[in-house]
Amino acid sequence: MSESREKVSSKDTRQVIMEATFRALSKHGYKDLRMRDIGDEMELTRQVIHYHFDGKYDLLSSFLEYVIDQYEGSVEVNEDAEVRTELNARIDQCLFGPEFEDFSHWERMKVYHELYTYAQNDGEHREIFNDHYDRIRGSIVEVVEEGIEEGTFEPVNADRMGQLITDVIHAARGRRISLGHEDAPEEARKAIDEFILDSLYASQAEDQSA
């Protein structure tokens, strides 16, 4: 094996390792996962993993950030899109996820939530999840604030609105994954529309019915 193959630093190689980690976690779970299990899921030599990461914990921390980056970077909304369109896109993204070539949204969420469960006893991973939560919530709050400023939305408490929407999304995903309630995301979407978003459009609905 050549030294150049061992010391690979390209983005592609890291992605190969991350996707191998997906497969290994899906098969073995977090608790029983070993570095060799990840190595078995890729064609590259296992030494490449040790070149990039200082052990299992370092790898899983990077993996967690990789998963989060995939979701945060995949919300596609035109720059001139209406605030309603952007808000709906962000909610749908969190509830139903983007399309992936390998592993479905819910297969990825299963792995994500397993790591989320263990984060209660892990300060570093809990901080990663907290930052992710804050960014999701913040992106929704930002859209609501923009809609209020331009007069499209009612002057509600944007922080509380963002908090409520984000919590409903997290509860629905947890119910889908932990309890197997496959209709949870769709039901959550209907509830968000009927009981939350309708309050943002209240005056507009009145104007249209007048």
Side-chain angles (χ1 to χ4, degrees), residues 8-42 44 46-75 90-91 93-98 100 102-142 159 162-181 184-185 188:
V8 182
S9 59
S10 69
K11 180 180 178 181
D12 288 343
T13 300
R14 291 181 69 88
Q15 184 170 341
V16 167
I17 296 172
M18 294 296 101
E19 293 301 315
T21 305
F22 262 123
R23 291 190 289 273
L25 276 169
S26 298
K27 290 181 180 179
H28 303 282
Y30 175 80
K31 185 178 180 181
D32 297 324
L33 182 70
R34 301 170 301 174
M35 294 291 275
R36 70 173 60 181
D37 297 323
I38 299 171
D40 290 342
E41 295 296 331
M42 63 182 195
L44 297 175
R46 195 163 74 235
Q47 278 66 37
V48 173
I49 301 176
H50 294 289
Y51 175 81
H52 284 287
F53 304 100
D54 296 326
K56 173 182 170 181
Y57 188 84
D58 182 38
L59 170 55
L60 289 178
S61 296
S62 295
F63 171 75
L64 183 54
E65 292 175 340
Y66 170 78
V67 174
I68 289 171
D69 286 344
Q70 280 190 318
Y71 278 87
E72 291 186 350
S74 57
V75 179
R90 293 191 177 280
I91 293 171
Q93 167 78 337
C94 292
L95 280 174
F96 306 110
F100 294 102
D102 298 317
F103 295 100
S104 69
H105 164 65
W106 289 111
E107 288 173 321
R108 289 169 182 266
M109 280 291 101
K110 180 181 177 181
V111 171
Y112 175 94
H113 273 259
E114 183 173 7
L115 295 174
Y116 182 87
T117 300
Y118 280 96
Q120 61 183 313
N121 299 315
D122 186 319
E124 183 176 334
H125 286 182
R126 186 168 62 241
E127 184 176 348
I128 294 173
F129 279 111
N130 266 321
D131 288 343
H132 179 44
Y133 178 90
D134 287 343
R135 288 194 296 271
I136 291 176
R137 176 182 170 277
S139 68
I140 294 174
V141 170
E142 186 177 341
D159 285 332
Q163 182 81 61
L164 178 58
I165 292 173
T166 307
D167 285 347
V168 170
I169 289 169
H170 273 261
R173 293 198 311 199
R175 188 158 70 87
R176 168 69 165 75
I177 292 166
S178 300
L179 302 180
H181 297 176

Minimal heavy-atom distance between Arg46 and Arg36, with the atoms involved, is CD-CA, 3.5 Å
Here the gap from Glu124 atom CD to Ser61 atom OG, rounded to the nearest 0.5 Å, amounts to 4.5 Å
Looking only at heavy atoms, the pair that brings Glu114 and Lys31 closest together is OE2-N, 4.3 Å
**Report entry** side-chain contact (heavy atoms from CB on, under 4.5 Å) assessment of Ser104 paired with Met109
**Finding:** CA-CA 9 Å; Ser104 69; Met109 280 291 101; over 6 Å; no
Rounded to the nearest 0.5 Å, the CG atom of Leu44 sits from the CG atom of Asp12 at a distance of 10.5 Å
Nearest heavy-atom approach of Ile49 to Ile17 is CA-CD1, 4.2 Å
Item to check | Other residues, nucleotides, ligands: >12 heavy atoms within 6.0 Å of Gln163 CD | outcome: yes
CG of Leu115 to CG of Asp122, rounded to nearest 0.5 Å, is 9.5 Å
Of all heavy-atom pairs linking Trp106 and Arg173, the shortest is CH2-CG, 4.0 Å
Working for side-chain contact (heavy atoms from CB on, under 4.5 Å), residues Thr166 and Ile140
CA-CA 8 Å; Thr166 307; Ile140 294 174; 3.8 Å; yes
Worksheet item: Can you tell me if Asp37 uses its side chain to pair, donor with acceptor, with the backbone of Arg34 under 3.5 Å?
Response: yes
Is a donor on one side and an acceptor on the other found under 3.5 Å between the side chain of Arg176 and the backbone of Leu95? no
Worksheet item: Does the side chain of Leu25 reach to within under 4.5 Å of the side chain of Leu60, using non-hydrogen atoms?
Response: yes
When every non-hydrogen atom of Met42 is compared with those of Val16, the smallest separation belongs to CB-CG1, 4.0 Å
**Item:** Whether Arg126 side chain and Gln120 backbone form a donor-acceptor pair below 3.5 Å
**Value:** yes
The ring pair (Phe, Tyr, Trp, His ring centres under 6.0 Å) partner of Tyr30 among Tyr118, Tyr112, Phe63 is Tyr118
TODO: Evaluate the side-chain contact (heavy atoms from CB on, under 4.5 Å) criterion for residues Lys27 and Leu33: first the C-alpha distance (whole Å), next the side-chain angles of each, then the deciding distance (0.1 Å), finally the verdict.
DONE: CA-CA 9 Å; Lys27 290 181 180 179; Leu33 182 70; over 6 Å; no
Within a reach of under 6.0 Å around CD of Glu142, are more than 12 heavy atoms found that belong to other residues, nucleotides or ligands? no
query = Do Asp167 and Arg137 come within less than 4.5 Å of each other through their side chains, counting heavy atoms only?
reply = no
TODO: List the steps, then state whether side-chain contact (heavy atoms from CB on, under 4.5 Å) holds for His170 with Tyr133.
DONE: CA-CA 9 Å; His170 273 261; Tyr133 178 90; 3.5 Å; yes
dist Lys56:NZ -> Met35:CE (nearest 0.5 Å) comes out at 9.5 Å
CZ (Arg135) and CD1 (Ile68) are apart, to the nearest 0.5 Å, by 6.5 Å
Between Ile136 and Cys94 the two heavy atoms that sit nearest each other are CG2-SG, 3.9 Å
Checklist entry - Does Tyr116 have its ring centroid less than 6.0 Å away from the ring centroid of His125? => result no
Short N-O contact, Glu19 and Arg108, less than 4.0 angstrom: yes
Will you find, in the side chains of Tyr66 and Gln70, an N or O donor that is under 3.5 Å from an N or O acceptor?
yes
Practice task
Indicate yes or no: at least one non-hydrogen side-chain atom of Ser178 is less than 4.5 angstrom from one of His113.
Solution key: no
The single option from Asp69, Thr13, Leu59, Ile38 that satisfies side-chain contact (heavy atoms from CB on, under 4.5 Å) with Met18 is Leu59
